A.B. asks: 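Below is the structure I would like to discuss, written out as structure tokens.
Computed from a predicted model, the values in this text were never measured in an experiment. Just the heavy atoms: all of them, side chains too, but no hydrogens, waters or symmetry mates, feed the values below.
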Amino acid sequence: PAPAEMQRTCLVTRKMPAHRMHDGVAQEHEDEDTVPVELALKALESSDGIEALAAASPVFASTKSMCKGPLESIGEFSSYRDTHPLAKVVAIAKASDEEAQKVAGLHAEVDATTYSFGQTLYEVEIEARDFEQAAAARAVTEKALSALGIAHRASTRGKFNYFIAGTIDP
């Protein structure tokens, strides 16, 4: 969908139990789709809302079918995503031609996630074809963040794990 259409959507994500982070890089695939935010909010309120969400989201329906007990809401957090061609990041990083070629065609997804405990986490996500491309994208991104004076560190947990921990502090 176009950016204007995405403003009122909710991302439904499924990470399997084997999902793990290594040096700030997710090592497993995750399934995602989007639904209208109003539909997601209704799912937090009632079982009818859960059924409506399952009808609209194949990812949620599949996840729901794996559950052995009733679903219940444990809270919520909000993430806002902006997507940028990695070519912009390459320019800020003053990356070499070789680095630019390795990351050509990729996009940086910048998430700002606000939690109910009052902290906001900023995360840069780049989906790459293989480890070599992921390493190049990470190097270019780190150079750009440093050039802009932005402190950064590798993720140690996913958004949901920070939510459960009640803090984004290491």
Side-chain angles (χ1 to χ4, degrees), residues 1-86 88-89 103 105-131 133-134 137-138 141 152-170:
E5 295 167 341
M6 295 291 290
Q7 289 179 356
R8 294 296 299 162
T9 61
C10 178
L11 183 66
V12 177
T13 304
R14 177 183 53 209
K15 294 178 169 85
M16 300 308 283
H19 186 84
R20 63 194 189 286
M21 300 289 285
H22 176 71
D23 198 23
V25 178
Q27 300 297 306
E28 302 294 330
H29 177 75
E30 59 191 25
D31 295 320
E32 296 180 338
D33 58 24
T34 57
V35 296
V37 73
E38 293 79 12
L39 193 60
L41 291 172
K42 285 180 184 172
L44 295 173
E45 297 169 359
S46 72
S47 59
D48 288 343
I50 288 173
E51 294 306 319
L53 181 59
S57 168
V59 170
F60 184 74
S62 174
T63 303
K64 181 178 173 286
S65 72
M66 291 186 230
C67 293
K68 295 179 176 35
L71 296 176
E72 60 184 83
S73 171
I74 58 171
E76 62 184 279
F77 55 88
S78 298
S79 290
Y80 296 93
R81 175 172 286 172
D82 201 6
T83 303
H84 304 275
L86 210 56
K88 288 182 179 179
V89 178
V103 301
L106 297 181
H107 288 80
E109 298 172 340
V110 182
D111 293 351
T113 301
T114 302
Y115 294 95
S116 55
F117 48 83
Q119 291 179 297
T120 300
L121 173 74
Y122 296 92
E123 176 184 39
V124 178
E125 244 180 78
I126 302 166
E127 298 203 14
R129 291 182 297 277
D130 54 43
F131 183 78
Q133 189 178 46
R138 180 179 180 162
T141 302
H152 55 279
R153 61 180 165 88
S155 295
T156 57
R157 302 180 263 191
K159 290 179 185 79
F160 183 73
N161 298 100
Y162 287 116
F163 169 70
I164 295 299
T167 183
I168 62 172
D169 297 326

A.B. asks: Please report the interatomic distance CD(E127) to NE2(H107), rounded to the nearest 0.5 Å.
C.D. replies: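 Those atoms lie 12.0 Å apart.
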A.B. asks: Where do V35 and A40 come nearest, in terms of heavy atoms and distance?
C.D. replies: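 That closest heavy-atom pairing would be CG2-CB, 4.3 Å.
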A.B. asks: When you look at CZ of R153, are more than 12 heavy atoms from neighbouring residues, nucleotides or ligands closer to it than 6.0 Å?
C.D. replies: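 Count over threshold, so yes.
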A.B. asks: Could you measure the distance from the CD atom of E123 to the CD1 atom of I168? Nearest 0.5 Å is fine.
C.D. replies: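 Rounded to the nearest 0.5 Å, the CD-CD1 separation comes to 11.0 Å.
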A.B. asks: Please name the pair of heavy atoms, one in L86 and one in A108, separated by the smallest distance, quoted to 0.1 Å.
C.D. replies: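 For L86 and A108, the tightest heavy-atom pair comes out as CD1-CB, 3.8 Å.
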A.B. asks: List the steps and the verdict of side-chain contact (heavy atoms from CB on, under 4.5 Å) for E32 and V59.
C.D. replies: CA-CA 6 Å; E32 296 180 338; V59 170; 5.8 Å; no
A.B. asks: Kindly compute the distance separating OG1 (T113) from CZ (R81), expressed to the nearest 0.5 Å.
C.D. replies: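 Atom-to-atom, T113:OG1 and R81:CZ are 8.5 Å apart.
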A.B. asks: Could you grab the distance from atom CG of L44 to atom CG of L39, nearest 0.5 Å is fine?
C.D. replies: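 The CG atom of L39 is 10.5 Å from CG of L44, to the nearest 0.5 Å.
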A.B. asks: Are the side chains of Y162 and T156 in contact, using a 4.5 Å heavy-atom criterion?
C.D. replies: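 Yes, close enough: below the 4.5 Å cut-off.
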A.B. asks: Compare every heavy atom of A134 with every heavy atom of A128, then report the nearest pair and how far apart it is.
C.D. replies: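 Looks like CB-N, 3.5 Å.
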A.B. asks: Can you list every side-chain hydrogen bond (donor to acceptor under 3.5 Å, both in side chains) pair that touches residues 42-62, not counting sequence neighbours?
C.D. replies: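 Residue pairs with at least one partner in residues 42-62: R14-S62, D33-S57, E51-K64.
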A.B. asks: With sequence neighbours left out, write down each residue that passes ring-ring contact (aromatic ring centres under 6.0 Å, His included) with Y115, or none if nothing qualifies.
C.D. replies: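 Scan of Y115 (ring-ring contact (aromatic ring centres under 6.0 Å, His included), adjacent residues dropped) gives F77, F117.
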A.B. asks: Taking all atoms of both residues into account, what is the closest heavy-atom pair of Q119 and G166, and its distance?
C.D. replies: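 Taking every non-hydrogen atom into account, OE1-O, 4.3 Å.
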A.B. asks: Once you round to the nearest 0.5 Å, how far does CD1 of I126 lie from CD of Q133?
C.D. replies: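 Going from CD1 on I126 over to CD on Q133, the span is 9.5 Å.
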A.B. asks: Determine whether F60 and I50 satisfy the following criterion, side-chain contact (heavy atoms from CB on, under 4.5 Å), listing intermediate values before the conclusion.
C.D. replies: CA-CA 9 Å; F60 184 74; I50 288 173; 3.9 Å; yes
A.B. asks: Find out whether L121 and D111 are in side-chain contact, i.e. whether some heavy atom of one side chain is under 4.5 Å from a heavy atom of the other.
C.D. replies: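 Not touching, per the 4.5 Å side-chain cut-off.
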